[in-house]
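Only one structure is covered here, and it is reproduced in the block below.
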2 protein chains.
Amino acid sequence: MNISSRFSVAIHILSILEINKTGTNTSDFIASSVNTNPVVIRRITGMLSKAGLVEVKPGVPGAKLAKDPGDITLLDIYNAVNVVEENGLFGVHDSPNPDCTVGRNIQGAIVPLFTSAQKAMENVLAAVKLQDIIQDIEAHEM
Amino acid sequence: MNISSRFSVAIHILSILEINKTGTNTSDFIASSVNTNPVVIRRITGMLSKAGLVEVKPGVPGAKLAKDPGDITLLDIYNAVNVVEENGLFGVHDSPNPDCTVGRNIQGAIVPLFTSAQKAMENVLAAVKLQDIIQDIEAHEM
DNA sequence: TTATCCTGTAACAATTGTAGTTACATGTCG
DNA sequence: CGACATGTAACTACAATTGTTACAGGATAA
């Protein structure tokens with residue numbers, strides 16, 4: 001199991017939009033950097049657009065950031081591309097047997113723990129901004 | 001996407017082994033509490049056995065905890081059932097284009113972040129013992 | 001206006017992982 | 001030996017992901 005690479009691709013896309021902000025970033029161009037199919041890029045860009053992170057118009061080549069990279073967190077991106085449902089990171093078997101002590105209490109015992117484990121992970125993502133990624137990328141080009 | 005319910009089922013199994021420690025916990029019995037097929041239970045019990053968390057012998061009915069429930073963390077169980085690979089929670093698109101500034105630096109920029117986000121989640125699991133789950137279950141039966 | 005280039009999206013295939021199931025070999029023990 | 005349990009292979013059904021083709025529709029320059 002792993003979280004869909006849509007997330008890492010989305011970060012890649014947004015980084016390009018900022019770093020190459022003076023250029024025209026078409027889905028073809030971005031696809032060649034990500035090394036995938038342009039349709040994959042358009043799909044993800046569509047999700048980012050619905051989430052208000054990018055601006056893109058049918059017929060007009062290229063996409064642009066809709067916000068300052070300092071105002072976009074990795075959690076925003078993660079939520080935008082629907083890779084994990086809210087409180088849904090951990091799958092839980094449903095309908096355990098209510099006639100068993102463990103069966104009727106297991107969900108109540110583990111769901112809150114799973115929720116807080118997921119939250120801990122998401123808090124790390126919330127603490128990182130797109131700006132931080134950009135800086136890291138640029139620092140390696142010096 | 002979510003983490004396989006093998007994890008929650010494994011916690012369920014181990015809880016039964018402790019709470020019903022005086023009984024004989026066959027895969028059939030456990031399956032009726034989890035509400036699944038006995039083979040699913042035996043598969044997971046086999047993984048827990050390889051990880052040294054339970055003792056089970058071919059031909060001998062029932063399984064037993066191999067350790068004190070105070071010495072088993074949720075992280076131990078999570079690792080035992082192989083639901084997430086080490087540093088593999090987040091999928092990352094491979095072979096981005098090295099001829100692009102973003103392409104050649106994106107992995108270096110995001111992998112450490114993904115690793116620390118995953119670690120944060122796993123640290124929450126590491127802080128919870130099977131014993132805590134058992135106590136929670138029993139507290140609800142008072 | 002028309003040609004061209006782009007985005008949006010439906011539709012489909014290939015791949016992978018999960019969960020359930022049947023079947024059966026093998027081990028234990030009365 | 002017989003009854004019963006575990007271990008495991010093999011198969012199905014299902015869902016999500018990723019890549020792909022095809023095409024409708026918008027924007028713009030000549």
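Heavy-atom basis, side chains included; hydrogens, waters and symmetry copies ignored. Numbers restart at 1 for each chain; the letters A, B, ... are given by sequence-line order, proteins then strands.
One N or O on the side chain of B/Q107 and one on the backbone of B/H93 form a donor-acceptor pair closer than 3.5 Å. Judged by distance alone, with hydrogens and angles left aside, the side-chain atoms of A/S33 form no donor-acceptor pair with the main-chain N or O of A/I30 at under 3.5 Å. A/R42 contributes no side-chain N or O that, together with a main-chain N or O of A/S27, makes up a donor-acceptor pair within less than 3.5 Å. Remark: side-chain polar atoms of A/N105 are paired, donor with acceptor, to backbone N or O of A/T101 under 3.5 angstrom. Using a distance-only test at 3.5 Å, with no hydrogens or angles considered, a donor-acceptor pair links the side chain of A/Q118 to the main chain of A/G88.
A straight line from CG of A/N25 to P of C/dC5 spans 19 Å, rounded to a whole angstrom. One interatomic measurement links the two molecules: CD1 of A/I44 to P of C/dT9, which rounds to 14 Å at whole-angstrom precision. Rounded to an integer number of Å, the gap from CG of A/L48 to P of C/dT7 is 14 Å. Separating the CD1 atom of A/I41 from the C1' atom of C/dT9 is a distance of 16 Å, rounded to the nearest angstrom. Separating the CD atom of B/E55 from the P atom of D/dT6 is a distance of 15 Å, rounded to the nearest angstrom.
Ring orientation note: the planes of A/F114 and A/F90 are close to parallel, at an angle under 30° on the 30°/60° scale.
For C/dT7, the OP1/OP2 oxygens have a side-chain nitrogen or oxygen of A/S27 closer than 4.0 Å.
Of the two residues contacting DNA chain D, namely A/P61 and B/D28, the nearest-nucleotide position lying further toward the 5' end is that of B/D28.
Residue B/E85 places its CD atom among 12 or fewer non-hydrogen atoms of other residues, nucleotides or ligands, all under 6.0 Å distant.
DNA chain C lies under 4.0 Å from no heavy atom of any residue of residues 90-115 of chain A.
Side chains of A/L89 and B/M1 form a contact here, defined as non-hydrogen atoms less than 4.5 Å apart.
How far CG of B/N25 is from CD1 of B/I41: 11.0 Å, rounded to the nearest 0.5 Å. Here the straight-line distance linking atom CG of B/D76 with atom CG of B/L14 works out to 10.0 Å at 0.5 Å rounding. Going from atom CG of B/L48 over to atom NZ of B/K50 covers 11.5 Å, rounded to the nearest 0.5 Å.
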| How does each nucleotide of nucleotides 18-30 of chain C score, in 5' to 3' order, for protein heavy atoms under 4.0 Å: base (B), sugar-phosphate only (S), or none (-)? | SSBBBB---BS--

| note | Under the rule of Watson-Crick or G-U wobble with both distances under 3.5 Å, where | means paired to another strand and [ ] a crossing pair, DNA chain D maps to ||||||||||||||||||||||||||||||

